[in-house]
K.L.:
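What follows is a single structure, and I will ask about it in a moment.
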Amino acid sequence: MDVADLPGVPEWLPDHLRDDGIEELYPPQAEAVEAGVTEGENLVASIPTASGKTLIAELAMLSSVARGGTALYIVPLRALASEKQADFEEFEQYGLDIGVSTGNYESEGGWLADKDIVVATSEKVDSLVRNDAPWIEDLTCVVTDEVHLVDDGERGPTLEVTLAKLRRLNPDLQTVALSATIGNAEALATWLDAGLVDSDWRPIDLQKGVHYGQALHLEDGSQQRLSVQNNEKQTAAIVRDTLEDDGSTLVFVNSRRNAEAAAGRLANTVRPHLTDEERAQLADIAEEIRDVSDTETSDDLADAVADGAAFHHAGLSRGHRELVEDAFRDRLVKVVCATPTLAAGVNTPSRRVVVRDWRRYDGSAGGMAPLSVLEVHQMMGRAGRPGLDPYGEAVLIASSHDEVDELFERYVWADPEPVRSKLAAEPALRTHILATVASGFARSREGLLEFLEQTLYASQTDEGGQLERVVDDVLTYLQRNDFLEIEGGELDATSLGHTVSRLYLDPMSAAEIVDGLRDWERGASDSTSASGAPSETPPEPPADSGFTTASELAEDADESADADRDPDDISALGLYHLVSRTPDMYQLYLRSGDREEYEMELFEREDELLGPTPSEFEEGRFEDWLSALKTARLLEDWATEVDEATITERYGVGPGDIRGKVETAQWLLGAAESLASEVDLDAARAISEARIRVEHGVREELVDLAGVRGVGRKRARRLFQAGITDRAQLRDADKAVVLAALRGRRKTAENVLESAGHRDPSMEGVEPAPDVSVDLDDGEDGDTNAESTANDDQSSLGDF
DNA sequence: GTTAGATTAATTTAGACAGCATGTC
DNA sequence: CTAAATTAATCTAAC
């Protein structure tokens, strides 16, 4: 189909596409147009990655906007949100306004209602619906990227429920859903009353194959000789073979450690193939990587990158990931060894893809479980860069002759599994039922069931029995914990329930937080193994309404516990532990030896924790309590300025993990603050301080300084040591002292003074004061070596 | 008694969304 | 219903 023949699109679009070198639509795109995407029709497109999904989305959104509407593009990852934003900003030259909204980033330039196209994560959309964002009703077109994720047990239900809500709020809404190739695309189409484009077409050829021995067996029956020399591994042989053809390779492995080890080994394979020019550029990138953070992970990565190899996993910080992705796209880095981060993440195509490990540890499966066909196909789909490579090849590695056949059967020739709704699970419904009632989508049990009829789950099952049972269990739970009231068949969210729903908390997290805080105020301190019934659910609040009531005061007398404790005495550790044991925080793994270590720690600091310690005989709960303590300790270390390298080593995590924990803690502490005032508990001040400290990673005395833009934990500490102890002093500070404290970096010093509001931030002609020491004496308590870091880079996590 | 090397046992294991309210002399 | 790659611990044999 010629781009000139597109019905319903803005008149500038054909020329714009031609400027991009697009004269003809790809076949699946043409099918989509024939099915009416540009004319407001619903559509499900189940097509391979890199076969032009983005253009289908753009055609739908642009034509909808041309008719005077507003479009929403839903993505599963924040990184994808910014990638799509960059794509769509091309249209700003035609007067379109693009907005982004995710948990940690909101695009500037005013209200989302003024935007023509908004990109957001599914959770953010859900949250906006819960908070009655008015522009939701103006939407005319919603595009969902990677809809096959409705199959995901944790996050799938959110997407499912959110789509159902959007469609219910606005029956005329055009719904376009983009999916990887899946087994049952027609089920999705039925659910969404949509036309279907289901195609395997790809713009460049993809050959799947299996390597074994000295040969690469391809799916078309042919074989390529691909010999393994001396001691090298199969993967190395494939990488070498690709390099000889001047191509790059993406290797998927099943653990972080494997990714790092493989990258280290493959560096030796790549090194001899680099030109001097490439070596020099790679050395620069390696330096940038070292500058991102001062940890072992960072060093290892830099070493590999200097040789043209890299690893990529969630333990890397954002900066690391971006440097690796960019260097790989620029073809400087020739091999990336990655965990699944790269399979689902941003677009990083490669000539060849190697799926080295096809089994991955899965606790719930009791060992190594084979990856799903869908997941392996997603990885393989990264092979072949449109316009750059003549073809793509995706290779599985077999270690025996039998395995060759098994891999062909299991993955090469296999169809992806059907997608199935995971909505009928209690944790998912706990959250979504509360939200559905709180935002008025349903006011009775029947209304609730009727609403749930509009989900994929309902369209995939015949008997509603299972769903009804779970709904009733959840309603009971929500009522018992005072999130919902049920009166004469009428459902109503309590004020607490409304707050919880708007804060986007799992009700169970909210219950844990409220109970913990209340427990502290009651001063119930005879905690050891005194917990009551060994039930999974947290203790119930009093049956009558309200929380701080006379009945509780009476309880105090009963227990003859300590007098009420001062909420200001709640320690940061106590609060970090409280939010860490919540289902919204994903826990750190307890390694061997950790158990004893944190049992000791628990013994010493039990008084600081909120709520009764579970008995050691309640295996699961006690373990959770300990691993929450480990997480809490990590957060406490961060908030006492312990060096990043020390933390990564002490807890066996990467710099990216610290960031993740800190971010989650920030969010949950913010929510805890709101909850505390909601239920009239007086802990807001203590919570707020703990939150700000973990946000900036500083001790109490630096909180003010670290609030200045451009000042993170390290610079704040240096300024403090130089005698500048707060923002006001910084504003009127002696420039020589500031410059010395910032290790003579003029530009940095100017920026800092400017954001502090200094009347004359210019550093021209200023010399660093000689008597200012700039050595960081890390915030260690002396139990481990505290090495001071050599560079001045900010490990502040708050850049966004 | 020491130590290099071999054998065995234990340990570890992917990823990542969300609140709120903005700032200045 | 299921594993594999490291790493730590232990053992062995030669000196």
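Heavy atoms only: backbone and side chains are in, while hydrogens, waters and symmetry mates are out. The sequence lines fix the lettering, A, B, ..., with proteins before strands; numbering per chain opens at 1.
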K.L.:
If you write DNA chain B from 5' to 3' in dot-bracket form, with Watson-Crick or G-U pairs under 3.5 Å, [ ] for crossing pairs and | for pairs with another strand, what do you get?
P.N.:
|||||||||||||............
K.L.:
Around atom CD of E154(A), are there more than 12 heavy atoms of other residues, nucleotides or ligands at under 6.0 Å?
P.N.:
no
K.L.:
Of the nucleotides dA14(B), dA5(C), dG15(B), which has the atom closest to the E375(A) side chain?
P.N.:
dA14(B)
K.L.:
Give the nucleotide from the list dA5(C), dA14(B), dA18(B) with an atom nearest to the side chain of D584(A).
P.N.:
dA18(B)
K.L.:
Grab the CG-P distance between L590(A) and dT11(B) for me, whole Å please.
P.N.:
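Those two atoms, CG and P, are 13 Å apart.
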K.L.:
Counting only side-chain N and O atoms of T664(A), is one of them less than 4.0 Å from OP1 or OP2 of dA18(B)?
P.N.:
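So the side-chain polar atoms of T664(A) never come under 4.0 Å of the phosphate oxygens OP1 or OP2 of dA18(B).
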K.L.:
Hey, does the side chain of R155(A) come within less than 4.0 Å of dA18(B)'s phosphate (OP1/OP2), counting only N and O?
P.N.:
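No, no such contact exists.
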K.L.:
Please check if any side-chain donor atom of S421(A) sits under 3.5 Å from a side-chain acceptor atom of E160(A), or the reverse.
P.N.:
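Per modelled atom types, S421(A) and E160(A) side chains form a pair under 3.5 Å.
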K.L.:
Using atom NE2 of H432(A) as one end and atom P of dA18(B) as the other, report the distance to the nearest whole Å.
P.N.:
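Rounding to the nearest Å, NE2 of H432(A) and P of dA18(B) are 13 Å apart.
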K.L.:
Under a 3.5 Å cutoff, is there a donor and acceptor pairing between the side chains of S509(A) and D584(A)?
P.N.:
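Distance-only check passes for S509(A) and D584(A).
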K.L.:
Pick base, sugar-phosphate or nothing for R595(A), based on heavy-atom distances below 4.0 Å to the nucleic acid.
P.N.:
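Touches nothing.
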K.L.:
Write down the distance between CH2 (W358(A)) and P (dT2(C)), rounded to a whole number of angstrom.
P.N.:
15 Å
K.L.:
Just by distance, no angles: are the side chains of D760(A) and S762(A) close enough, under 3.5 Å, to form a donor-acceptor pair?
P.N.:
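No, no side-chain donor-acceptor pair sits under 3.5 Å.
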K.L.:
Will you find, in the side chains of S317(A) and H320(A), an N or O donor that is under 3.5 Å from an N or O acceptor?
P.N.:
yes
K.L.:
May I ask you to say what L77(A) touches in the nucleic acid, namely base, sugar-phosphate or nothing, with a heavy-atom cut-off under 4.0 Å?
P.N.:
sugar-phosphate
K.L.:
Would you kindly say whether Q587(A) and T631(A) are connected by a side-chain donor-acceptor distance under 3.5 Å?
P.N.:
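Q587(A) vs T631(A): no donor-acceptor pair found between side chains.
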K.L.:
With a 4.0 Å cut-off on heavy atoms, is A671(A) in touch with a base, just the backbone sugar-phosphate, or nothing at all?
P.N.:
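No contact at all - A671(A) keeps every heavy atom at 4.0 Å or more from the nucleic acid.
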K.L.:
Describe the nucleic acid contact of N254(A) in one word from base, sugar-phosphate, nothing, applying a heavy-atom distance below 4.0 Å.
P.N.:
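If one applies the 4.0 Å heavy-atom cut-off, N254(A) turns out to touch the sugar-phosphate alone, with no base involved.
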K.L.:
For the side chain of E123(A), counting heavy atoms from C-beta on, which of dC17(B), dA14(B), dT12(B) is nearest?
P.N.:
dC17(B)
K.L.:
Quick one: do the W358(A) and E403(A) side chains pair a donor with an acceptor below 3.5 Å?
P.N.:
yes
K.L.:
Planes under 30° and centres closer than 5.5 Å, is that true for W667(A) with the base of dA18(B)?
P.N.:
yes
K.L.:
Return whichever of S592(A) or S101(A) has its heavy-atom-nearest nucleotide of DNA chain B closer to the 5' end.
P.N.:
S592(A)
K.L.:
dT12(B), dA18(B), dG15(B): which one has an atom nearest the side-chain heavy atoms of K124(A)?
P.N.:
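Between dT12(B), dA18(B), dG15(B), the one nearest the side chain of K124(A) would be dA18(B).
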K.L.:
Looking only at the side chains, is there a donor atom on one of D126(A) and Y504(A) sitting less than 3.5 Å from an acceptor on the other?
P.N.:
yes
K.L.:
Decide, yes or no, whether a salt bridge links E663(A) with R659(A) under the criterion of side-chain N to carboxylate O below 4.0 Å.
P.N.:
yes
K.L.:
Rounded to the nearest angstrom, tell me the gap between atom CG in D300(A) and atom C1' in dT6(C).
P.N.:
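D300(A) atom CG is separated from dT6(C) atom C1' by 15 Å.
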K.L.:
Return the value, rounded to whole Å, for the distance between atom CG of D657(A) and atom P of dA14(B).
P.N.:
10 Å
K.L.:
Let me know the distance between OH of Y361(A) and C1' of dA3(C), rounded to the nearest Å.
P.N.:
10 Å
K.L.:
Of the candidate nucleotides dG15(B), dA14(B), dT12(B), which contains the atom at the shortest distance from the side chain of T341(A)?
P.N.:
dG15(B)
K.L.:
Base, backbone or nothing for each nucleotide of nucleotides 20-25 of chain B, written B, S, -, heavy atoms under 4.0 angstrom, 5' to 3'?
P.N.:
S---SS
K.L.:
Please give, in whole Å, the distance from dG15(B) C1' to Q587(A) CD?
P.N.:
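It is 16 Å, rounded to the nearest whole Å.
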K.L.:
Please report, rounded to the nearest Å, how far the C1' atom of dA18(B) is from the CG atom of L505(A).
P.N.:
9 Å
K.L.:
Check whether any side-chain nitrogen or oxygen of R256(A) sits under 4.0 Å from OP1 or OP2 of dG15(B), and answer yes or no.
P.N.:
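Indeed, a polar side-chain atom of R256(A) lies that close.
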K.L.:
What distance do R430(A) atom CZ and F483(A) atom CZ have between them, rounded to the nearest 0.5 Å?
P.N.:
9.5 Å
K.L.:
Is there a donor in the side chain of D145(A) and an acceptor in the side chain of Y73(A), or the other way round, less than 3.5 Å apart?
P.N.:
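There is such a pair between these side chains.
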K.L.:
Which value, in whole Å, describes the distance between the P atoms of nucleotides dT7(C) and dA14(B)?
P.N.:
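Comparing P positions in dT7(C) and dA14(B) gives a spacing of 15 Å.
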K.L.:
Which part of the nucleic acid does G660(A) contact within heavy-atom distance under 4.0 Å: base, sugar-phosphate only, or nothing?
P.N.:
nothing
